[in-house]
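Working notes for the structure below.
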Amino acid sequence: MGDYDDYEDQSVLELARGMLEDEGEDDVAEFLSDTEVDVDGLEPPIRFDDNFPNTLIVGNLPKVGQAKFQKLKNVVNKTLEKYGECTMEMPYNPEAEDETYGVAIVTYKEDSAAKACAEQLNGFKLDKVHSFRVVSMAKFQEIVSRSDEFQARHTLTRLHRSNYRDWMFDEKCREQLLLRYGRETEVYWFDPQTSAPEIYYDAEDKKQGGKIWCDWTVRWSPQGSFVCTIHNPGIALWAGPEFKNQKRLEHGGMRKEIDFSPNEQFVLSWNPDDQSEDAVRIHQVMTGKCVRKCRTPQLPLKQGTMFPHFAWSHDDQYLAEMTDSRILVRSTSTWELVKDAEGKPAPFKFNNLHSFQWSPKDNILAVWTLEVDNNPARLVLVDVATRKELTSRSRTQCEAEMYWQSEGEFLCLQVTKLNKQKNRVSINMEILRVKERQVPVDVVTIEDTVKGVFWETKGRRFAVLTTDAEGAKPKLLLYSLDKKPELERKPKDKDLLLSAEAPKCEQVACFALPSASYNEVVWAPEGQYFVIASKSFPGGASTSGDIIFAGLTPDNKLEILNKVHHYMHTDVHWDPSSRFVVTAVTQPMTRGDESGYKFSTESGYHVWSFQGRDLYTAQLEKCYLVQWRPHPPSLLPKEQQADIRKNLKHFSKKYDTLDEKEKDKAKQAFKKKRDAKLKDFKDILNRLRDYREEKEEETGWAEAMEEFLESQGWEQEEEKMEEVLEVTEELISTN
């Protein structure tokens with residue numbers, strides 16, 4: 001027959017006769033009725049179910065002849081019957097001499113048995129060569145019905161981050177807290193209204209299956225998109241409202257360390273027990289593909305530490321490692337060394353290399369080399385993309401530490417001058433204005449011993465903790481940098497470019513600390529507020545645990561808000577919104593937990609307001625981690641963020657109203673709960689009173705008590721007493 005359009009004007013009778021004539025069945029056509037059929041009045045044809053839900057196709061079986069047929073059939077049939085009663089056929093290939101197709105057709109008595117077999121037996125290894133491929137009949141029909149022409153289709157599994165940040169749309173503007181303690185790994189909401197954590201996810205769905213969410217360490221990714229758990233086979237990434245597993249990154253070994261790239265494009269894992277080319281693996285997060293393997297580098301980034309050995313650039317574009325004389329910078333697009341002026345891959349060479357750091361906002365390396373023989377120590381700033389040296393500073397007889405400001409605008413080089421006996425003489429804080437023309441430098445001289453330098457987040461101010469030479473008289477010094485200084489050269493040092501405005505780097509506050517145990521300043525993510533902490537460190541001496549909450553106003557006035565105490569605390573973390581601070585006593589996770597014994601009695605955490613008010617306290621046995629969920633970078637431009645800070649009172653009215661509603665709601669809930677408890681208590685009293693009266697009436701106790709009281713002759717008297725507490729005379733004018 002031709003196309004349907006050729007027959008659309010013919011009747012059913014004409015179509016039937018035409019089909020019979022085409023097939024040579026003219027004698028049958030004579031028996032057709034001349035009565036036309038009413039097509040519109042016909043019932044729809046019966047559709048038969050051709051899915052055969054009980055039937056499976058089992059492929060990739062060995063192809064055998066008659067000699068081994070029965071043995072193979074018995075083995076396969078025994079495996080299939082584990083899921084239920086079934087029948088099996090193994091057809092022969094007529095084109096091959098005495099050999100089966102390598103396929104079995106299995107029909108189960110129950111649908112559920114066929115479904116269980118298809119799910120669990122697919123991929124089952126019969127031997128080293130043959131693994132079962134089990135598909136339903138419907139799937140088999142779909143496969144054999146595919147077009148012979150190739151049609152490209154995107155099959156690469158990718159992560160969709162659309163729901164990875166749904167927690168940021170919380171109407172109550174709550175923050176999330178990750179806890180790892182004992183055998184538990186839990187995520188909580190922290191509600192500022194109730195000042196108490198509320199469970200968000202405790203892996204109950206995994207516990208029901210007899211599994212543990214995490215059997216080793218856990219942490220958030222840098223932007224809070226993933227929870228990363230470390231297991232013996234590898235690393236698992238979890239995300240979404242119910243923390244579903246998104247990727248499994250294979251890398252054997254339990255004692256792994258991991259390091260995410262800042263934008264979460266890559267995750268680096270290191271197995272310290274592996275000495276092969278597989279010690280370090282780098283996986284691409286979106287695809288789960290391992291993009292690079294290598295041995296453990298010669299040197300870690302910081303002397304005296306085990307990890308990390310690599311440093312990511314701020315935009316994930318580069319990954320750097322170092323030897324004693326070279327910095328190897330690789331492009332993450334090709335994993336080849338960046339090219340030199342001749343277009344050849346080449347490392348950055350520095351004699352007597354000590355350390356390097358990336359700028360937090362630019363692809364600039366700050367490199368410090370040591371003084372050896374007649375070669376002075378040097379600080380070098382290098383633009384990686386162009387390999388251009390931006391500036392350099394040479395110093396002799398000194399030690400140095402580098403501290404970048406969070407926005408990459410300033411680099412503080414703490415230079416400790418030494419005499420010939422290697423004793424400290426003085427300390428200079430050289431502040432390089434990296435983004436200004438010719439990279440000018442401000443110099444601050446500090447006579448005392450410097451314990452640490454701490455930049456204000458997103459600000460132009462920094463704090464310095466100092467003590468005298470004997471470790472006494474601890475102080476907190478606060479400095480502020482001006483914005484646009486004029487430039488001049490210092491006559492005696494052609495290498496040092498100074499700003500001519502005074503003051504260039506001004507000390508704005510000095511605070512005498514009550515104890516020399518304070519060893520860290522932690523600034524809030526939005527700046528202005530900070531915490532001065534006396535932290536304990538694993539393997540070190542326990543400190544007093546004193547904590548000072550303070551702030552530095554925009555006009556550089558120091559405010560001491562509160563002083564609190566959390567004995568032996570090892571962690572201090574601000575939440576991303578700068579509203580809360582968590583201090584915790586955690587212990588390192590090691591097999592047997594023997595190294596964390598000294599922290600076990602104080603294990604737990606406190607949550608404080610930014611003013612130092614204690615909001616919540618919890619004691620947790622074997623507490624390993626307490627960590628706020630990080631926020632991704634803001635999508636608002638800096639100008640709009642500055643406008644919001646400037647008009648914060650206007651924007652906060654909406655949230656103040658919501659807070660008041662939540663407070664009223666909480667008060668009503670508390671009152672309702674209290675009234676319900678009071679009612680229950682009164683109901684119990686009423687039941688007891690009724691029971692007592694009933695028993696007194698049964699035993700005659702009430703009548704006996706009345707007779708006893710009457711026999712005593714007691715009389716009830718009332719006496720009123722008045723006492724003047726205060727007298728006030730007041731003249732009232734009649735005018």
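Computed from a prediction, not measured in an experiment: that's the story for all the values here. Just the heavy atoms: all of them, side chains too, but no hydrogens, waters or symmetry mates, feed the values below.
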N/O donor-acceptor pair under 3.5 Å between [X] side chain and [Y] backbone:
X      : Y      : answer
Ser313 : Tyr318 : yes
Gln357 : Met402 : yes
Asn271 : Gly252 : yes
Glu171 : Phe169 : no
Lys256 : His251 : yes
Thr570 : Ala584 : yes
Ser603 : Cys623 : yes
Lys247 : Lys289 : no
Trp523 : Phe454 : yes
Asp202 : Glu204 : yes

Shortest non-hydrogen contact from [X] to [Y]?
X      : Y      : result
Val582 : Val626 : CG2-CG1, 3.6 Å
Gln246 : Ala239 : NE2-O, 3.3 Å
Ala533 : His569 : CB-NE2, 3.7 Å
Gln528 : Pro554 : NE2-CD, 4.1 Å
Asp362 : Gly408 : OD2-O, 4.5 Å
Thr457 : Pro525 : CG2-O, 3.2 Å

Distance in Å, [X] [atom1] paired with [Y] [atom2], rounded so as to fall on 0.5 Å steps:
X      : Y      : atom1 : atom2 : answer
Gln668 : Lys673 : CD    : NZ    : 15.0 Å
Leu177 : Trp628 : CG    : CH2   : 5.0 Å
Glu456 : Leu478 : CD    : CG    : 9.5 Å
Glu186 : Cys214 : CD    : SG    : 12.5 Å
Leu513 : Ile532 : CG    : CD1   : 5.5 Å
His566 : Ser534 : NE2   : OG    : 12.0 Å

Can you confirm whether the side chains of [X] and [Y] place a donor and an acceptor under 3.5 Å from each other?
X      : Y      : answer
Thr586 : Asp571 : yes
Gln627 : Arg180 : no
Asp315 : Asn263 : no
Glu264 : Ser225 : yes
Thr296 : Trp270 : yes
Glu198 : Tyr200 : no

Test Ile258 against Ile230 for side-chain contact (heavy atoms from CB on, under 4.5 Å), laying out the working first. CA-CA 9 Å; Ile258 65 170; Ile230 297 178; 3.9 Å; yes
Exceeds 12 heavy-atom contacts within 6.0 angstrom, atom NZ of Lys451: yes
Could you check whether atom CD of Gln507 has more than 12 heavy atoms from other residues, nucleotides or ligands sitting under 6.0 Å from it? yes
Classify the ring geometry between [X] and [Y] as parallel (under 30°), tilted (30 to 60°) or perpendicular (over 60°).
X      : Y      : result
Phe260 : Phe226 : parallel
Trp455 : Phe462 : tilted
Trp312 : Phe266 : parallel
His606 : Trp608 : parallel
Phe243 : Trp220 : tilted

Any side-chain heavy-atom pair of His309 and Glu321 under 4.5 Å: no
Under a 4.5 Å cut-off applied to non-hydrogen side-chain atoms, are Asp546 and Tyr518 in contact? yes
Going through the distances and angles, do Met286 and Gln265 end up as a side-chain contact (heavy atoms from CB on, under 4.5 Å)? CA-CA 7 Å; Met286 295 296 287; Gln265 294 186 48; over 6 Å; no
Proximity of Phe610 and Phe549 rings by center, below 6.0 Å: no
Trp213-His231 aromatic ring centre distance below 6.0 Å: no
One pair to check against side-chain contact (heavy atoms from CB on, under 4.5 Å): Leu481 and Arg433. What are the steps and the verdict? CA-CA 10 Å; Leu481 290 118; Arg433 300 172 180 263; 3.7 Å; yes
Test: salt bridge (Lys or Arg N to Asp or Glu O under 4.0 Å). Region: residues 511-531. Which pairs qualify, not counting sequence neighbours? Lys458-Glu526, Glu520-Lys535, Glu526-Arg645
Which residue pairs pass the salt bridge (Lys or Arg N to Asp or Glu O under 4.0 Å) test with at least one member in residues 573-582, sequence neighbours excluded? Glu175-Arg579
Residue pairs fulfilling side-chain hydrogen bond (donor to acceptor under 3.5 Å, both in side chains) with at least one residue in residues 552-564, sequence neighbours excluded: Arg461-Asn556, Thr553-Asp555
Residues passing the side-chain contact (heavy atoms from CB on, under 4.5 Å) test with Ile560, sequence neighbours excluded, are Phe511, Ile548, Ala550, Leu558
Would you check, one step at a time, whether the test salt bridge (charged side-chain N to carboxylate O under 4.0 Å, His left out) holds for Lys679 with Asp675? CA-CA 6 Å; Lys679 180 179 179 300; Asp675 293 345; over 6 Å; no
Pairs under 3.5 angstrom only: tabulate donor-acceptor contacts from the side chains of residues 633-641 to other protein residues two or more places apart or in another chain.
{"residue": "Ser634", "atom": "OG", "partner": "Leu636", "partner atom": "N", "Å": "3.2"}
{"residue": "Gln641", "atom": "NE2", "partner": "Leu636", "partner atom": "O", "Å": "2.8"}

Ion pair check, Glu409 and Arg460, cut-off under 4.0 Å: yes
Could you go through Leu365 and Val329, starting from their C-alpha distance and side-chain angles, then the distance that decides it, and tell me whether this counts as side-chain contact (heavy atoms from CB on, under 4.5 Å)? CA-CA 10 Å; Leu365 286 175; Val329 182; 4.0 Å; yes
Sequence neighbours excluded, the answer for side-chain hydrogen bond (donor to acceptor under 3.5 Å, both in side chains) partners of Asn647 is Asp643
In sequence, state the C-alpha distance, the side-chain angles, and the governing distance for His314 and Trp404, and then conclude on ring-ring contact (aromatic ring centres under 6.0 Å, His included). CA-CA 13 Å; His314 76 287; Trp404 277 100; over 10 Å; no
